[in-house]
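Just so it is clear: chains get the letters A, B, ... in the order the sequence lines come, proteins before strands, and each one is counted from 1. As a basis for the values below, the full set of heavy atoms in this structure was taken, side chains included, without hydrogen atoms, waters or symmetry mates. Quick caveat, the model's predicted, so the values are computed rather than measured.
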Amino acid sequence: MSLDKNTVAKVANLARIRVEEKDLEPMALELNAILGWVEQLSEVNTDDVAPMTSVADMQMRWRQDEITDGGYQSEIVANAPSEEEGFFAVPKVIE
Amino acid sequence: MSDLTKLKIAEARDGLKDGKFSSRELVAAHLTAMDSARGMNAYITETLDKAVDGATQSDDRRAKGDVGKLEGIPLAIKDLFCTKGVLTTAASHILDGFKPQYESTVTTNLWNEGAVMLGKVNLDEFAMGSSNETSYYGNVVNPWRRTTDDQPLVPGGSSGGSASAVASNIAMGATGTDTGGSIRQPAAFAGIVGMKPTYGRCSRWGVVAFASSLDQAGPMTRSVQDSAIMLEAMCGFDPKDSTSVDMAVPNFEAALTGDIRGLKVGIPKEYRLDGISAEISNLWEKGIEWLKNAGAEIVDISLPHTKYALPAYYIIAPAEASSNLARYDGVRFGLRVEGVDLDDMYSKTRGEGFGEEVKRRLLIGTYALSAGYYDAYYLKAQKVRARIADDFKEAYKSVDVILTPTTPSAAFAFGEKGDDPLEMYLNDVFTVPASLAGLPGISVPAGLSADGLPLGLQILGRPFDEETVLRAAGVLEQAAEFTATPTAWWRG
């Protein structure tokens, strides 16, 4: 599997990371080197192996569905680059 | 009073108890030392006022007989832990000006035990790196230098600021985080002890997330005993972290009995890499000899999937990172770069806010999780991870701990491994497998290279058996008699 410049542009768009046109080609080379090296994983027989999804042998805990905390509107928006009336402000989304 | 900075945590604890000095004096000595060590760039933020206030309050508590496990001990905090009202950067431009409104559980636990914060220490950006060369706040310099030249060396990473600060006596101990070796590798490079506990021991709540199934906090100190003391204060069940394990915290210090007679120590043949330096393999042989002399039984074991740990890690960690780091979008905190519309703002903010290594990993992770490639990369890596974890499970049927080198080499110079990401990734070859399996591990300084740099040995244990790991590490430490310290060039 090999990544070309267009795929890198597509992935960068999915990740919402602006990559300059001139950087796409070198980035493709770097990513291909890494992915090429990762290819060796195909040597491992993983038929009948379940993917590891939890590290510690444990059951997820249950808890009551109740409000135990909150009421921090001003703290929540305290670090916002742009804030209005206790809300996060973003560029206009709906035309 | 400058000698106070040379004390280990256990020694300072005794001195404070016996009234030989106060926490204020101890902290003042550290602040002076920090002042003369700025050239190392270990701290991103020094919290002078907080340190002095914390020490004063600690002395007051002590006067009232209220003494925590780390009462009055000055510590450095990796700048990946959220600290209330104190700039928290993850060494990234994208968190510009971020002052958390809450305190991480691990640091809360430390303050509850009386510890005092000196400041926030440097790291690789978002903990992604093995040399501390990816920090937006500049490189951290290793206090150690080769005897053969004056070239500045990397402190390892990602907890490079923690390692340098502890090794140069500008913190008595520091918190680190380990995702693939980020505590153990810099500890080895800086000649100190670094311990990653079992996944689930320390709460991840309030720690800036890199790869959530791997991230684990731990102590970095100048002795095994200090690590035991600090770890005990750091860990404990936290309902705010869904993977925190509800288990009693043992008295880790009490585990350091010095008695390992009959302990079965595994030596994995797959860690004998082709082309590994004679220095590293000789040190490993010495370690085997030391443990054998202390009455341990050495057992040859096999961890057949070792060579696949790094490639699996470099799919899993970036995949998790690509999801975790989606939150940096210029809306809720940190940097915002305006764009023509919302999407453009996201892309510009992230394009400008993330450094090269972070972007590289986010793109790899996004690709590995994208439609059509998920099975081939992410799912495959998670299956290989299961096989690596099984290797360890099998091995622990016949051994109690595993002994390996911590790193394939001593600290290197800046730029020496910068050009090829893959070469840099190989630094973590001995630490990543245990990270994938979630196992506890410790690096103990065990000797010097021919050109005078520290080298570490690693002990890995069974899940939640930190006590045996610490006990074996204590014996290793005693046998190694590592007393070398770096020359204080930074005071120059």
Practice problem: Indicate the atoms forming the closest heavy-atom contact of B:Arg336 with A:Ser82, along with that distance. | Solution: NH1-CB, 3.6 Å
Self-check item: Minimum heavy-atom distance A:Asn79-B:Gly97, with the two atoms named
Solution: OD1-O, 3.7 Å
Practice problem: Can you check whether anything in residues 236-243 of chain B gets within less than 4.5 Å of chain A, heavy-atom wise, and list it by number? | Solution: B:Phe237, B:Asp238, B:Pro239, B:Asp241, B:Ser242, B:Thr243
Quiz item: Short question: side chain of B:Arg350, backbone of A:Ala15 - any donor-acceptor pair under 3.5 Å?
Solution: yes
Quiz item: Which bit of A:Ala12 comes within less than 4.5 Å of chain B, counting heavy atoms only: side chain, backbone, both or neither?
Solution: both
Self-check item: Contact summary for B:Ser244 and A:Arg61, nearest pair of heavy atoms
Solution: O-NH1, 2.9 Å
Quiz item: Side chain, backbone, both or neither: which part of A:Ser42 has an atom under 4.5 Å from a heavy atom of chain B?
Solution: backbone
Exercise. Identify, with sequence neighbours excluded, every residue that meets ring-ring contact (aromatic ring centres under 6.0 Å, His included) alongside B:Phe464.
Key: none
Self-check item: Any residue of residues 86-93 of chain A which, by heavy atoms, sits under 4.5 Å from chain B
Solution: A:Phe88, A:Ala89, A:Val90, A:Pro91, A:Val93
Self-check item: Ionic contact status for A:Glu43 with B:Lys307, cut-off 4.0 Å
Solution: yes
Quiz item: Does any heavy atom of chain B fall under 4.5 Å from the side chain of A:Asn13, the backbone, both, or neither of them?
Solution: neither
Practice problem: Report the distance from atom CD1 of A:Ile34 to atom CG of B:Leu422, rounding to the nearest 0.5 Å. | Solution: 6.0 Å
Quiz item: Taking B:Asp344, B:Val245, B:Leu363 one by one, which has the highest count of heavy-atom pairs under 4.5 Å against chain A?
Solution: B:Leu363
Exercise. Could you tell me which residues in residues 70-78 of chain A have at least one non-hydrogen atom under 4.5 Å from a non-hydrogen atom of chain B, sorted by residue number?
Key: A:Glu75, A:Ala78
Self-check item: Straight-line distance of A:Asp23 CG to B:Lys359 NZ, nearest 0.5 Å
Solution: 7.5 Å
Quiz item: Between B:Ala312, B:Pro311, B:Pro100, which has the largest tally of heavy atom pairs under 4.5 Å with chain A?
Solution: B:Pro311
Quiz prompt | chain A contact via B:Leu310 - side chain, backbone, both or neither, heavy atoms under 4.5 Å | solution = both
Quiz item: When heavy-atom pairs shorter than 4.5 Å are enumerated against chain A, which of B:Gly330, B:Gly351, B:Ser347 gives the highest number?
Solution: B:Ser347
Quiz item: At a heavy-atom separation under 4.5 Å, does B:Ala389 approach chain A through its side chain, its backbone, both, or neither?
Solution: side chain
Practice problem: Salt-bridge test for A:Arg16 and B:Asp329: reply yes if a basic N is under 4.0 Å from a carboxylate O, no otherwise. | Solution: no
Self-check item: Pick from B:Tyr378, B:Phe333, B:Tyr425, B:Phe354 with the largest number of heavy-atom pairs that fall under 4.5 Å of chain A
Solution: B:Phe333
Practice problem: With rounding to the nearest 0.5 Å, note down the distance linking OH in B:Tyr373 to OG1 in A:Thr7. | Solution: 6.5 Å
Self-check item: Short side-chain to backbone donor-acceptor contact, B:Lys380 and A:Val44, under 3.5 Å
Solution: yes
Self-check item: Nearest heavy-atom neighbours spanning B:Gly334 and A:Pro81
Solution: O-CG, 3.4 Å
Quiz item: At a heavy-atom separation under 4.5 Å, does B:Ala326 approach chain A through its side chain, its backbone, both, or neither?
Solution: neither
